[in-house]
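So the structure is just underneath, and the comments pick up after that.
It should be emphasised that the depicted structure is a prediction, and the values quoted were computed from it without experimental measurement. Whatever order the structure lists them in is the order used to number ligands and atoms, beginning at 1.
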Amino acid sequence: MNVTKSQHLYSRACRVIPAGVNSPVRAFRAVGGTPVYMESGTGARLRDADGHEYLDFCNSWGPLITGHRHPAILSVIRSQLTRALTFGTVCEQEVVLAEYIIDLLRRKIPDARIEKIRFTSSGTEAVMSAIRLARGYTGKNKILKFDGCYHGHSDSLLVKAGSGLATLGVPDSAGVPASFTAETIVCPLDDEAAVEQAFVQHGKDIAAILIEPVPANNGLLLQRKEFLEKLRYMAVASGSLLIFDEVISGFRVAPGGAAQFYGVSPDIVTYGKILGGGMPVGAFAGRNEIMDRLAPDGPVYQAGTLSGNPVAMAAGLAQLKLLDDQAYTRLDHLGKLLESAFNAARLSWRMARLGSIFWFYQGDIAPRRADKISRDSMKTYAEFHKYCLENAFYLAPSGYEVGFLSTPMTETDIARFTALAIDFFKGR
Ligand code: PMP
């Protein structure tokens with residue numbers, strides 16, 4: 001494969017950008033080789049700087065649920081461009097998008113009573129703001145999170161579990177003081193006993209339980225509904241809040257996200273990715289009594305220069321409007337085709353899937369917690385990734401990352417990819 005242009009760009013990048021990238025996984029360290037520089041995207045397809053085409057299963061890490069450059073999204077962006085890119089003050093577009101989402105959530109997840117939403121420019125900011133709000137609302141300090149869930153790169157959430165069931169977090173990055181993570185408790189997923197123990201030890205001071213209800217940043221660790229229900233119960237019983245981080249699952253697994261899919265209601269929910277239709281957007285939302293604690297009505301400070309900017313708001317609204325029942329049915333249909341054909345081959349690798357999110361894992365049983373993922377399997381994934389690139393399929397450059405389907409994909413696309421995957425994993 002001739003990747004001259006990509007390699008040249010990467011060597012230029014390495015001189016002026018740390019490791020040549022603006023987000024670490026992009027550097028291809030987990031799969032080897034050098035990053036592929038992308039030039040354009042159309043529907044389900046990408047084109048790189050050297051002219052190769054790929055079917056895109058990364059979809060910018062989730063936002064592009066209707067593929068690249070959907071005409072309806074481009075059209076509202078173009079029309080917004082003739083008026084302004086940003087005002088740094090209030091505009092109609094943010095009101096319209098907020099109304100649209102609140103109405104959608106009122107219909108899809110009525111029990112959660114999501115009444116207000118505030119926009120940010122990234123998922124990291126959304127979750128960081130949500131935990132500050134939970135602390136400000138409850139007057140408590142600790143956050144309980146789960147090993148294997150990612151919530152962005154804010155200091156107190158960059159933690160790894162210590163040894164033991166429910167442990168105080170240990171910084172997982174240089175530059176994060178231990179005192180910053182001392183208020184974060186880490187439990188394994190899928191383990192009610194560990195959560196109970198955390199509440200026995202710290203219950204009075206736990207402001208919130210924070211979870212990706214569809215953990216999709218460390219493999220796809222699908223949880224039992226009963227586990228999510230247990231979290232709901234524990235939060236109510238101890239006066240803590242339940243925060244669902246739906247930055248990936250929001251608007252993807254259902255219009256009302258995992259909360260709708262599992263029928264479990266969070267107190268605060270965070271969104272990102274799909275919500276911006278390809279532009280940088282995040283958001284957090286909840287009941288009036290919680291959200292009204294935010295500045296300037298309440299004492300919890302939170303802000304953003306580009307928050308609610310009209311281009312991103314217009315793109316987000318156009319994106320959400322495209323997601324009708326037909327879109328979800330289609331995505332689920334494509335997902336079923338992929339999963340059933342791959343798993344029917346009865347190989348030593350299987351596929352876990354929820355709707356349009358999929359993940360290849362080694363073994364017979366889909367892991368539900370981070371420590372059940374085979375580390376050795378990552379070497380095989382690296383080979384698979386290379387094989388896919390050579391055969392015109394673009395997957396995320398790490399075996400811990402999931403794949404995303406998009407609506408412009410066809411049954412033929414899926415059949416070709418399934419055949420390639422079966423061919424590769426056969427005999428491994
Ligand atoms: N939460 C979850 C569940 C995520 O998947 C991500 C990003 N992958 C984030 C938060 C952080 O979002 P961002 O990268 O937009 O800051």
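Proximity to Asn217 (heavy-atom distance under 4.0 Å) selects the following atoms of ligand 1: 2 (C), 3 (C), 4 (C), 5 (O), 8 (N). Close contacts of ligand 1 with His151, meaning ligand atoms under 4.0 Å from a residue heavy atom, involve 1 (N), 10 (C). Atom numbering of ligand 1 starts at 1 in the shown order; those under 4.0 Å from a heavy atom of Glu212 are 3 (C). Here is the list of ligand 1 atoms found below 4.0 Å of a heavy atom in Gly152: 9 (C), 10 (C), 11 (C). Per-residue contacts place Ile248 under 4.0 angstrom from the following atoms of ligand 1 (heavy atoms of the residue considered): 5 (O). For ligand 1, the atoms closer than 4.0 angstrom to any heavy atom of Ser122 are 15 (O), 16 (O).
For atom 14 (O) of ligand 1, the closest non-hydrogen atom on the protein side is Thr124 OG1, 4.4 Å. Nearest to atom 6 (C) of ligand 1 among the protein's heavy atoms is Val247 CG1, 3.7 Å. When hydrogens are left out, the protein atom nearest atom 8 (N) of ligand 1 is Lys273 NZ, 3.0 Å; that is the closest non-hydrogen contact. Ranking protein heavy atoms by distance to atom 1 (N) of ligand 1, first place goes to Asp245 OD2, 2.7 Å.
With respect to the salt-bridge test (charged N to carboxylate O, under 4.0 angstrom), the residues Lys379 and Glu383 do not qualify.
The only option from Asn59, Leu405, Leu331, Leu320 that meets the side chain to side chain contact (heavy atoms under 4.5 Å, CB included) definition with Ile65 turns out to be Leu331.
Ligand 1 lies less than 4.0 angstrom from a heavy atom belonging to Tyr150.
Looking only at distances, no side-chain donor or acceptor of Asp332 sits under 3.5 Å from a matching main-chain atom of Tyr328. Using modelled atom types, one side-chain atom of Asn343 and one backbone atom of Met351 make a donor-acceptor pair closer than 3.5 Å. With hydrogens and angles ignored, the 3.5 Å screen pairs no side-chain donor or acceptor of Gln80 with any backbone N or O of Val76.
Remark: ligand 1 and Gly123 share an N or O pair separated by less than 3.5 Å (distance only, no angle test).
Listed by chain and number, the residues in a side-chain contact (heavy atoms from CB on, under 4.5 Å) with Ser240 are Phe199, Ile206, Ala235, Ser238 (sequence neighbours excluded).
By the 6.0 Å contact criterion, OH on Tyr233 is open, its count of non-hydrogen atoms from other residues, nucleotides or ligands being 12 or less. No more than 12 heavy-atom neighbours from other residues, nucleotides or ligands sit within 6.0 angstrom of CZ on Arg12.
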